[in-house]
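Heads up, the thing below is written out as structure tokens.
Residue indices begin at 1 and follow the sequence shown. Just so it is clear, the model here is predicted, and its values are computed rather than measured.
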Amino acid sequence: MLKITWKLDNEDGSDPVDPTGELYLSAGGPDFIFEEYTYLDSWFDALTDGFLSARDGVTGIMEILEEPDPLKFEPLGRKGVRIAYKDQNLEIRDTDHAILILRESVRAFLSEFGGEILKNKLLIKLKDFSEKESRSVSNIEPEKRPDMKSELRVA
């Protein structure tokens, strides 16, 4: 089960041009991927492209625009994927379900910017991703924590 938690740095208000913050990915076990002081739009873009390539059975190396290290996606079996970033690894058992969770997290992220997403090409791309295959996931419920902006987990 994929869990995506992010926190947007918005001391001066939400900035659609440079949306920085921290991102935490886990799959219910001890392994996780965590990055702070990063550009969340670039991370969501790399995650989107990586999960879609893994779903199609293609190994992918996704560049994160402002980061020196890429995200690596390696399909596992019929439905799973291994994600590697720096020395952090994460295995997801169901890529299709992970894409639905990612889509919900992207929607929550985009809602922070209202109509201002047009100022950022990556946010426009993410909006297109969030609107495709938009079937609702009934067993995912957003959970808010005071120290993190959004947390989506399988119920």
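Here the straight-line distance linking atom CZ of R93 with atom CG of L76 works out to 11.5 Å at 0.5 Å rounding. Between I124 atom CD1 and D41 atom CG the span is 11.5 Å, to the nearest 0.5 Å. Here the CG-CD1 distance, from L102 to I92, works out to 10.5 Å after rounding to the nearest 0.5 Å. Note that CG of L100 is 11.0 Å distant from OG1 of T95, once rounded to the nearest 0.5 Å. A distance of 7.0 Å separates OG of S26 from CE of M1, quoted to the nearest 0.5 Å. Going from atom CG of L123 over to atom CG of L118 covers 9.5 Å, rounded to the nearest 0.5 Å.
D49 is listed as a side-chain neighbour of D45, based on a closest heavy-atom distance under 4.5 Å. Under the 4.5 Å side-chain criterion, counting only non-hydrogen atoms from C-beta, R55 is in contact with I99.
Linking Ile, Leu, Val, Met, Phe, Trp and Tyr residues whenever their side-chain heavy atoms come within less than 4.5 Å places L52 and L126 in a single cluster. Residues I64 and M62 share a single hydrophobic cluster, defined by chaining ILVMFWY side chains whose heavy atoms lie under 4.5 Å apart. I4 and Y39 are members of different hydrophobic clusters when ILVMFWY side chains are connected at heavy-atom separations under 4.5 Å. Connection of L23 to F51 is established within a shared hydrophobic cluster, with ILVMFWY side chains joined at heavy-atom distances below 4.5 Å, either directly or through further cluster members. Linking Ile, Leu, Val, Met, Phe, Trp and Tyr whenever their side-chain heavy atoms come within less than 4.5 Å puts F129 and L47 in one cluster.
Side-chain atoms of T48 come within 3.5 Å of backbone atoms of F44 as a donor-acceptor pair (strictly under, hydrogens ignored). A donor-acceptor pair under 3.5 Å links the side-chain atoms of R103 to the main chain of K132, judged by distance alone. The backbone N or O of P16 sits less than 3.5 Å from a side-chain atom of N120, completing a donor-acceptor pair. In this structure, the side chain of S111 engages the main chain of A108 through a donor-acceptor pair within 3.5 Å. For T20 (side chain) and D9 (main-chain N/O), no donor-acceptor pair under 3.5 Å exists by modelled atom type.
Nearest heavy-atom pair, K72 versus I61, reported as atom, atom and distance to 0.1 Å: CG-CG1, 4.2 Å. In this structure, F73 and A46 approach most closely via the heavy-atom pair CE1-O, 3.9 Å. Across all non-hydrogen atoms, the minimal contact from E74 to T59 is CA-OG1, 4.3 Å. For E35 against W43, the heavy-atom pair with the smallest separation is CB-CZ2, 3.7 Å. Between L71 and I83, the shortest heavy-atom distance links the atoms CD2-CG2, 3.7 Å. When all heavy atoms of G57 and P75 are compared, the pair lying nearest together is C-CG, 3.6 Å.
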Can you check salt bridge (Lys or Arg N to Asp or Glu O under 4.0 Å) on R78 and D96, steps first, answer last?
CA-CA 11 Å; R78 292 179 42 222; D96 289 333; over 6 Å; no
I would like to know whether K7 and E22 meet salt bridge (Lys or Arg N to Asp or Glu O under 4.0 Å); could you show each step before the answer?
CA-CA 5 Å; K7 180 180 178 185; E22 59 188 51; 5.5 Å; no
Chi angles and distances behind the salt bridge (Lys or Arg N to Asp or Glu O under 4.0 Å) call for R107, E131:
CA-CA 9 Å; R107 283 186 189 123; E131 292 173 347; over 6 Å; no
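The aromatic rings of F109 and W6 lie perpendicular to each other, with more than 60° between the two planes, well past the 30° mark.
A side-chain donor-acceptor contact under 3.5 Å links E67 and T38.
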